[in-house]
Asks: 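Below you will find the structure I want to go over with you.
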Amino acid sequence: MSIALVDANNFYCSCERVFAARLHGRPVVVLSNNDGCIIARSEEAKALGLKMGTPIFQVRELIERNRVEVFSSNYELYGDISARLHEVLHDFSPEVEHYSIDESFLRLDASRRQTLDSIGREIRNRVRKLTGIPVSIGIAETKTLAKIAGYHAKRSKKTRGVLDLTGSPHQERALGLTPVEEVWGIGSRYGEMLRGSGIETALDLREAADDWVRQHLTVVGLRTVHELRGVPCLSLEIVPATRKTVTVSRSFGAEVETLCDLRAAIAFYVSRAAEKLRRHKLAAGMITIFIETNRFKDDRPYVGSATLQLAPLTDATPEMLAVAACGLESIFRPGRRYKKAGVTLGELAPIETLTRRLWGDDENERMKILMQTVDCLNAKFGRDVLRWGMFVNQGTWRTRFGKRSPRYTTKWMEILQIGSNSRFKK
DNA sequence: TCTGGGGTCCTAGGACCC
DNA sequence: TCTGGGGTCCTAGGACCC
């Protein structure tokens, strides 16, 4: 029994390439909301020295000089391609964990007919053929080891994208070649601390004493170390765990000062959060509203947050809007310039487990039908065809997506056109 | 001018209870 | 001289992930 990690290469950039042949072989980057930071880079862009998380304005010249292709993020497109990719994997194993938008784990068995390596190659070819996305595949006894195999599959040309380390004599060498902060679960902070203690590679970490690890990296780190030794501690999460919070937050396109603008923004985020909640068939018992000034510019940045109960639990947008508006008033400070705001819904419970309200059931029933109708119409005719009175779908706070590619696969109006003048121009 | 968004888990410390 | 001890719940902060 082995675990395979299927990891899409430079996923967002690869998605852009699927629909634009001219991007092949060229440096491509995808930006975060408001076209702020670089969050994905093609190999060619990495080679130019463009780093993950860099604010675009700091590298503007480099980008122009090298004619780097720049895109705003197009989450609708990426999400849709991710779902297709996930579907392809189900042909290869009944046990698939959709770990993130660009990574999946699956349980794999070698057979008399086929080695793990050749199964991996078949997966890679099939995904490429059916989705157009290149992937790297790492295979080993545990998730953490599979991640390390994947790390080398992606970087070493010799592997041609697939590396099986299950029971392999090469496993120790691979661990020795893995910088400790590349181990899944070891970030930059722990990495620094470990290097200070002479632990520099995944192999060093594997050999560290349990007590020491427990003390310095908590039980989480201890699990990681056991996984490096080939003892599975992290199981495949085939059924996604029920989520505990739902957050919608954004930086504004431009700073805002008035309560009126903040109300509009918060109302917009509440609507989105409530839609997400209903899609997951959950209700919330708690809502947190927060607003922030610009932490990069402000000497004394202000962060205000208010948490309020939603009693009884609800999934209805109007009920949340009313509570959110109260929360906002309590944290608003006039005379400040706000750059970001957000909403978190908590104390989530599956909607069907809720007891019926003691009274007002008619009202409740009407609200349910109203919500279903709104969601349904918005799904059919486009988001925000129906909106709640409080939010005006415009204003300087709206997120900027200056360079978004068409939503080729999810919007009829933006479907790929062949041989005609594309409506999308750089 | 321009600096992302959405999650999870663990620990320590304080409040409170018996 | 010597100020219990254990349990639970909550929160803030810190670490991590993509």
Side-chain angles (χ1 to χ4, degrees), chain A residues 5-12 29-40 51-61 63 70-75 78-79 82 97-105 143-144 147 150-151 180-194 213-224 227 233-234 237 240-255 269 272-273 276-277 280 286 288 290 292-298 301 303 305 307 337 339-348 396 399-404:
Chain A
L5 169 74
V6 179
D7 188 351
N9 299 343
N10 319 322
F11 183 57
Y12 295 175
V29 297
V30 175
L31 305 181
S32 63
N33 280 345
N34 288 314
D35 299 338
C37 299
I38 295 175
I39 55 168
K51 299 264 181 301
M52 192 77 170
T54 307
I56 188 81
F57 71 88
Q58 290 175 1
V59 288
R60 185 78 68 192
E61 205 208 321
I63 287 200
V70 178
F71 291 87
S72 305
S73 31
N74 187 342
Y75 294 114
Y78 311 150
S82 173
E97 173 183 342
H98 200 180
Y99 174 65
S100 77
I101 195 160
D102 65 345
E103 288 176 47
S104 296
F105 289 103
K143 283 176 152 184
T144 306
K147 286 280 262 186
Y151 171 84
V180 72
E181 54 281 320
E182 296 296 336
V183 175
W184 195 35
I186 305 298
S188 59
R189 289 299 178 85
Y190 282 157
E192 220 172 285
M193 184 275 289
L194 288 167
V213 172
R214 166 76 239 255
Q215 195 192 334
H216 291 88
L217 304 177
T218 81
V219 294
V220 182
L222 190 56
R223 272 200 293 265
T224 298
E227 285 246 321
C233 300
L234 305 169
E237 310 284 332
T242 49
R243 52 167 70 230
K244 299 183 169 130
T245 58
V246 166
T247 302
V248 175
S249 80
R250 304 264 141 80
S251 297
F252 300 142
E255 292 172 357
Y269 302 154
R272 285 283 186 268
K276 218 191 268 188
L277 201 63
H280 288 96
M286 200 191 74
T288 300
F290 70 88
E292 292 179 20
T293 56
N294 194 332
R295 63 177 195 278
F296 295 102
K297 274 167 57 183
D298 220 322
V303 182
S305 83
T307 299
R337 300 167 66 83
K339 181 60 181 161
K340 184 177 180 180
V343 173
T344 299
L345 302 174
E347 291 178 8
L348 307 187
T396 54
T399 309
R400 292 189 307 261
F401 290 100
K403 296 160 197 267
R404 181 161 61 198

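Labels below follow one simple rule: chain letters A, B, ... track the order of the sequence lines, proteins then strands, and each chain is numbered from 1.
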Asks: Check A:W184 against A:K143 and note the closest heavy-atom contact, atom names and distance.
Replies: CZ3-CB, 3.6 Å

Asks: Would you kindly give the CG-to-P distance between A:N34 and B:dC2, to the nearest whole Å?
Replies: 11 Å

Asks: Using the C1' atom on both, measure B:dG4 against C:dC17 and round to a whole Å.
Replies: 15 Å

Asks: Identify all stems in which DNA chain C takes part, counting only runs of at least 3 consecutive pairs (Watson-Crick or G-U wobble, each distance under 3.5 Å), and give each as one range with another, ordered by first number.
Replies: B:5-18 with C:5-18

Asks: Taking all atoms of both residues into account, what is the closest heavy-atom pair of A:K403 and A:D35, and its distance?
Replies: N-OD2, 4.1 Å

Asks: Taking the side chain as every heavy atom from C-beta outward, state whether A:I101 and A:Y12 have any pair of such atoms under 4.5 Å apart.
Replies: yes

Asks: Can you confirm whether A:E292 sits close enough to A:F252 that some side-chain heavy atom of one is under 4.5 Å from a side-chain heavy atom of the other?
Replies: no

Asks: Got A:R337 and A:K297 here, is their nearest side-chain heavy-atom distance under 4.5 Å?
Replies: no

Asks: Is there a side-chain contact between A:R295 and A:V303 (heavy atoms, below 4.5 Å)?
Replies: no

Asks: Are the side chains of A:T144 and A:K147 in contact, using a 4.5 Å heavy-atom criterion?
Replies: no

Asks: Can you see if the side chain of A:K340 gets near the phosphate of B:dG5 - specifically, an N or O under 4.0 Å from OP1 or OP2?
Replies: yes

Asks: Report, as a single string ordered 5' to 3', how protein heavy atoms within less than 4.0 Å touch nucleotides 6-13 of chain C: B base, S sugar-phosphate only, - not at all.
Replies: --------

Asks: Roughly, in whole Å, what's the span from CZ in A:F252 to C1' in B:dG4?
Replies: 14 Å

Asks: Using whole Å, what does the distance between atom C1' of nucleotide B:dG4 and atom CG of A:D35 come to?
Replies: 11 Å

Asks: Just so I know, are the side chains of A:T245 and A:T288 near enough to count as touching, which here means a heavy-atom distance under 4.5 Å?
Replies: no

Asks: Please enumerate all protein N or O atoms sitting under 3.5 Å from an N or O of nucleotides 14-18 of chain C, with distances to 0.1 Å.
Replies:
unit_1, atom_1, unit_2, atom_2, d
C:dA15, OP2, A:R189, NH1, 2.5
C:dC16, OP1, A:G187, N, 2.9
C:dC16, OP1, A:G187, O, 3.2
C:dC16, OP1, A:R189, N, 3.4
C:dC16, OP1, A:Y190, N, 2.8
C:dC16, OP2, A:R189, N, 3.4
C:dC17, OP1, A:G185, N, 3.1
C:dC17, OP1, A:I186, O, 3.4
C:dC17, O3', A:W184, NE1, 3.3
C:dC18, OP1, A:K147, NZ, 2.7
C:dC18, O3', A:S100, OG, 2.8
C:dC18, O3', A:D102, OD1, 2.7

Asks: Roughly, in whole Å, what's the span from CZ in A:R404 to P in B:dG4?
Replies: 18 Å

